[in-house]
Amino acid sequence: TNALNGYNGITGPQAAGFPANSGALKTTYNSSRAFVGLPGLPVATNTVTLLAWIYPNATSAQNQGAGLVFNTRDGGGGSGTNTCGFGFAQSGTARNGIYPLYAMWHNTGWTWNNSALYPPNNQWSMVAAVFSPTNITVYLMSTNGIQSVVTNISCPVCSWALGGTNYLGTDPYSMPGRNFDGRIADVAIFAYCLKSNQLSSIFYAAGPVLASPPDPATVYQGSTATRS
């Protein structure tokens with residue numbers, strides 16, 4: 001495999017809230033097998049939180065539709081209704097080589113390309129997608145503050161066990177054409193919806209990223225809130 005990790009000296013966030021010399025996964029733009037497959041998970045629900053720390057590389061543009069955390073879609077990487085995941089939009093406006101964050105569930109939401117949440121390059125950020133039966137909320141937490149965007153999309157029950165494989169650092173619809181270029185650390189998949197205050201607590205537990213943590217801000221699709 002071309003995916004590297006802590007064994008290869010790939011470091012994760014070096015903040016007070018992380019273990020010393022914590023490692024990370026390095027996935028690579030358009031490089032075959034530069035991603036990680038995970039076993040199927042006993043998760044079949046429509047209340048899920050996907051969370052990860054990411055460090056996008058600035059040396060090359062991200063793939064459109066680059067995946068961070070995805071299930072195996074319909075069992076074989078296709079576009080069936082079991083498709084669920086979190087990553088970067090497949091269209092829209094790129095900023096510094098990065099497309100905005102987006103999330104999809106039940107193969108719905110892939111056209112959502114205007115979250116206006118752009119993780120900074122060459123810097124660690126915490127990102128999350130929270131899926132509920134009636135909407136999807138995407139969060140970006142970085143030195144620029146906490147941002148979140150909600151889109152109203154119906155989320156029926158989907159499985160993370162179908163096909164037996166889940167993915168980090170890519171979207172199985174098109175590998176390696178949807179590989180993420182950068183580092184990923186501390187990925188977590190919760191079979192329930194974390195609230196904004198729970199997510200911000202995780203973020204601030206990493207260390208003094210911001211001097212005075214504000215309350216998380218939530219806005220709706222088409223607009224963005226920034227706290228600093």
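Predicted model only: the values in this text are computed from it and were never measured.
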* To do: Please test Y192 against V48 for side-chain contact (heavy atoms from CB on, under 4.5 Å), starting from the C-alpha separation and ending with a verdict.
  => CA-CA 5 Å; Y192 51 89; V48 166; over 6 Å; no
Can you list, pair by pair, the side-chain donor-acceptor contacts under 3.5 Å of residues 126-133, counting residues two or more places apart and other chains?
| from | atom 1 | to | atom 2 | distance (Å) |
| --- | --- | --- | --- | --- |
| S132 | OG | T134 | N | 3.3 |
| S132 | OG | N135 | N | 3.2 |
| S132 | OG | N135 | O | 3.3 |
| S132 | OG | N135 | OD1 | 3.1 |

Do [X] and [Y] make a side-chain contact, defined as non-hydrogen atoms from C-beta onward lying under 4.5 Å apart?
X	Y	answer
I98	P56	yes
I189	L51	no
P100	F88	no
C84	F70	no
I184	W53	no
I10	R183	yes
P119	L101	yes
P156	W105	yes

* To do: Go through the structure and list residues passing side-chain hydrogen bond (donor to acceptor under 3.5 Å, both in side chains) with T47, not counting sequence neighbours.
  => T45
* **Partner set under side-chain hydrogen bond (donor to acceptor under 3.5 Å, both in side chains) for Q198, not counting sequence neighbours** => none
Using distance alone, with no hydrogens and no angle criterion, decide if [X] and [Y] have a side-chain donor and acceptor under 3.5 Å apart.
X	Y	value
N121	N96	no
Y99	Q90	no
N179	T170	yes
Q64	S91	no

* Start with the C-alpha gap between H106 and C155, add the side-chain angles, then the distance that decides, and say whether side-chain contact (heavy atoms from CB on, under 4.5 Å) holds. => CA-CA 6 Å; H106 201 250; C155 298; over 6 Å; no
From [X] [atom1] over to [Y] [atom2], what is the distance, rounded to the nearest 0.5 angstrom?
X	Y	atom1	atom2	value
R95	Y118	CZ	OH	5.0 Å
F180	L68	CZ	CG	5.5 Å
L199	I146	CG	CD1	8.5 Å
L140	S115	CG	OG	8.5 Å
T49	I202	OG1	CD1	8.5 Å
T165	L41	OG1	CG	10.5 Å

* Structure fact -> Applying side chain to side chain contact (heavy atoms under 4.5 Å, CB included) to L168 and not counting sequence neighbours gives L25, V36, L38, V69, V187
* Could you tell me which residues satisfy side chain to side chain contact (heavy atoms under 4.5 Å, CB included) with A161, sequence neighbours excluded, listed by chain and number? => S159
* Could you list the residues that satisfy ring-ring contact (aromatic ring centres under 6.0 Å, His included) with F86, not counting sequence neighbours? => none
Provide the closest heavy-atom pair for [X] versus [Y] in the form atom of the first, atom of the second, distance.
X	Y	result
P120	N144	CG-ND2, 4.4 Å
S200	M141	N-CE, 3.9 Å
A24	W124	CB-CH2, 3.9 Å
S196	Y139	CB-OH, 3.6 Å

Please check this pair: side chain of [X] against backbone of [Y], looking for a donor-acceptor N/O pair closer than 3.5 Å.
X	Y	answer
N166	P39	yes
N71	W160	no
N63	G65	no
T151	I136	no

